[in-house]
Structures are given as structure tokens and as C-alpha cells.
Trainee: 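Before we start, here is the structure in question, set down as C-alpha cells.
Throughout, a chain's letter reflects where its sequence line sits, starting with A, and its residues are numbered from 1.
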Amino acid sequence: MHGEIYASGWMNRLARGFYERDPLDVAPDLLNKLLVVSAGPDRLVARIVEVEAYRGSEDPASHAYRGSTPRNATMFGPPGHLYVYFTYGMHHCANVVCWPPGRAGAVLLRAAAPLSGLEAMRRARAREIGDRELLNGPAKLCKALGLTRQADGIDLVSGASGVWVGDDGVEPPADPAVGVRVGIRNGTELPWRWWVRGDVHVSRPLREIHSSWSASLRA
DNA sequence: CTTTGGATCGTCT
DNA sequence: GACGATCCAAAGG
């Protein structure tokens, strides 16, 4: 057990306006932000190092592509809320909702670096694993932080549920790595995955796409 | 190191 | 009835 302590200890909760934008803009801005989950006596903190953008009706890979359903309803609500879904009969994945109410969009939280509450995370994972494997995948992240379908709809901006995203002054990478999204069947060519280049906590090493042409694929 | 297949059930067609 | 915005263990190079 050797978790680092995040630099200064202070952090600001992100405001509604941060989320009320195009997921393509929110996603890279979330890199290096802090995900905070209050779990009873434990305060779990992790630095986001990998994300993917999903653009609702304009994105064939998005759960919201074909409109609102009971499952994805949160994505159609106000920005700054948590969208948690259940998949493969056993896994949960967490997103932050973007864009104004009525327009579905989200950023999937794919990986993070654990900063605090590592023992609680390890307990939740119920496996003997190192720090780097605690949060290096969207379903692993949810398992370690205790995020289930019950957390769907939580308002990250108020922080009233003990779950929020904070800024401790560490800037997003000026030149993040960009690549295609993982595990989808449609929209596989869209370079809408971002990660902190070289960070050992990412879910897995995939090919980077050169940034010059990724900007042209906003449809 | 990479590849492959099984697990497992809520959701939508 | 089919299929996941995944993970893991086992097998192969």
C-alpha cells in the first residue's frame, strides 16, 4: 500500500457550465480532474486519465442514438449528472452527462489513477491487485468506487450525494493522446477517445491518431 | 507478450 | 431472442 497524496488537498467542484458543452470539448477537459466518491467513512479520490465522448443523436455508438429509453433517460436530462449503465450482465460503467437538457451527450470515464482511499477500492474490487489495476477500465472503475445503477442520475454539481468532480489546479494535458473508442461496433473510425499520454493507469495501450485530421471529424 | 472464449442478465426489438 | 461503451483466465508464440 503506497498511495500518493494529491498535491495540495484542496479542490473546487466543477460548475454546471463545465458540463453544458459538446462532449468533444468536455472529454479532454476532464483529463486530470479528480473524481470524488464519499463512501461512508471513506473518501475515494482518483485522477481521471482516460475518457471517451458520446454524442447522442449524432453518434451511432451512443446509447442515446435512437432516442430516450428508461435506461438512458439520464443522458437526456440536465448536464453535470452521472449516467451509470449496466452491461454484459455483470458490469457497470459511468459517464458524465453533457450538453443542455433535452440534448443527449456524455463522456465515459474509462480509467483513473487512485489517489486516496486505495484500501477501500481494493476491498471493493475483491481481488489481489496493484494500484495500477484498480481503476484501469470503465467497469473496474465503477466496481472499485462502488458505482452501480443506483448512482445513475446523481448530480455531480451539487455534490449532495457525495459524488462529484473536482479541480485541484492540475491542468489537462496540452497535447493529450487521441484515438478511436473501445468496444463499439458503429462509429469505430471516430477519434473520440482521449488519455494522458504515457500514464500507466490507462485501460490499455491503443494506437494514437495524429491530431491534425481528428479535428476535421466533428461531423 | 497476444489471442480467444466464457460469463451473465437488463434492455430493446 | 439477440446482444452489449467489459473483464478475466487460459492457452499459444
Trainee: Can a donor-acceptor pair be found, under 3.5 Å and without considering hydrogens, that links the side chain of A:Asn72 to the backbone of A:His63?
Mentor: yes
Trainee: Should A:Tyr85 and A:His92 be marked as a ring pair (Phe, Tyr, Trp, His ring centres under 6.0 Å) after you check the CA-CA gap, both sets of side-chain angles, and the distance that decides it?
Mentor: CA-CA 6 Å; A:Tyr85 66 89; A:His92 292 275; 8.5 Å; no
Trainee: C:dT6 C1' sits how many Å from A:Leu108 CG, rounded?
Mentor: 11 Å
Trainee: Treating A:Glu52 as the side-chain partner and A:Val182 as the backbone partner, does any N or O pair qualify as donor plus acceptor under 3.5 Å?
Mentor: yes
Trainee: Is A:Ile184 touching bases, backbone alone, or none of the nucleic acid, heavy atoms closer than 4.0 Å?
Mentor: sugar-phosphate
Trainee: Paired with B:dT8: which nucleotide, if any, by Watson-Crick or G-U wobble criteria at under 3.5 Å for both distances?
Mentor: none
Trainee: I need the CE-P distance between A:Met75 and B:dT11, as an integer number of Å.
Mentor: 14 Å
Trainee: Using only atom types and a distance under 3.5 Å, with no angle test, would you say the side chain of A:Arg125 pairs donor to acceptor with the backbone of A:Ala144?
Mentor: no
Trainee: Whole angstrom is fine here: how far is it from CZ in A:Phe86 over to P in B:dG10?
Mentor: 6 Å
Trainee: Taking CD from A:Gln150 and C1' from B:dG10, how many angstroms apart are they, rounded to a whole number?
Mentor: 15 Å
Trainee: May I have the distance from A:Lys140 (atom NZ) to C:dA5 (atom C1'), rounded to whole angstrom?
Mentor: 15 Å
Trainee: Quick one: do A:Leu115 and A:Val36 end up in the same hydrophobic cluster if we chain Ile, Leu, Val, Met, Phe, Trp and Tyr together by side-chain heavy atoms under 4.5 Å apart?
Mentor: yes
Trainee: Remember a base hit wins even if backbone is also touched, and classify A:Arg185 as base, sugar-phosphate or nothing at under 4.0 Å, heavy atoms.
Mentor: sugar-phosphate
Trainee: Round to a whole Å and report the spacing from CE of A:Met90 to C1' of B:dG6.
Mentor: 8 Å
Trainee: It should be established whether A:Lys143 places a side-chain nitrogen or oxygen under 4.0 Å from OP1 or OP2 of nucleotide C:dT6.
Mentor: no
Trainee: Determine whether the aromatic ring of A:Tyr85 stacks with the base of C:dA5, defined as ring centroids separated by less than 5.5 Å and ring planes inclined by less than 30°.
Mentor: no
Trainee: Determine which nucleotide pairs with C:dA5, using a 3.5 Å limit on both distances of a Watson-Crick or G-U wobble pair.
Mentor: none
Trainee: Quick one, A:Leu14 and A:Trp164 - any side-chain contact, counting heavy atoms below 4.5 Å?
Mentor: no
Trainee: With DNA chain B as reference, determine whether A:Tyr88 or A:Pro70 sits nearer its 5' end, using the nearest nucleotide of each.
Mentor: A:Tyr88
Trainee: Would you say A:Arg71 places a side-chain N or O within less than 4.0 Å of OP1 or OP2 belonging to B:dC9?
Mentor: no
Trainee: Heavy atoms under 4.0 Å, any strand shown: does A:Ala61 hit a base, just sugar-phosphate, or nothing?
Mentor: base
Trainee: Give the rounded distance in Å between these two atoms: NE2 of A:His92 and C1' of B:dT8.
Mentor: 12 Å
Trainee: Taking for each residue the nucleotide of DNA chain C with the nearest heavy atom, is it A:His91 or A:Arg127 whose nucleotide lies nearer the 5' end?
Mentor: A:His91
Trainee: Taking the side chain of A:Arg149 as heavy atoms from C-beta outward, which of C:dA5, B:dT11, C:dC7 is closest to it?
Mentor: B:dT11
Trainee: Below 4.0 angstrom from OP1 or OP2 of C:dT6, is there any side-chain N or O of A:Arg110?
Mentor: yes
Trainee: For the C1' atoms, the ones on B:dG5 and on C:dC3, what distance do you get once it is rounded to whole angstrom?
Mentor: 16 Å
Trainee: How long is the line joining CD1 of A:Ile129 and C1' of C:dC7, in whole Å?
Mentor: 12 Å
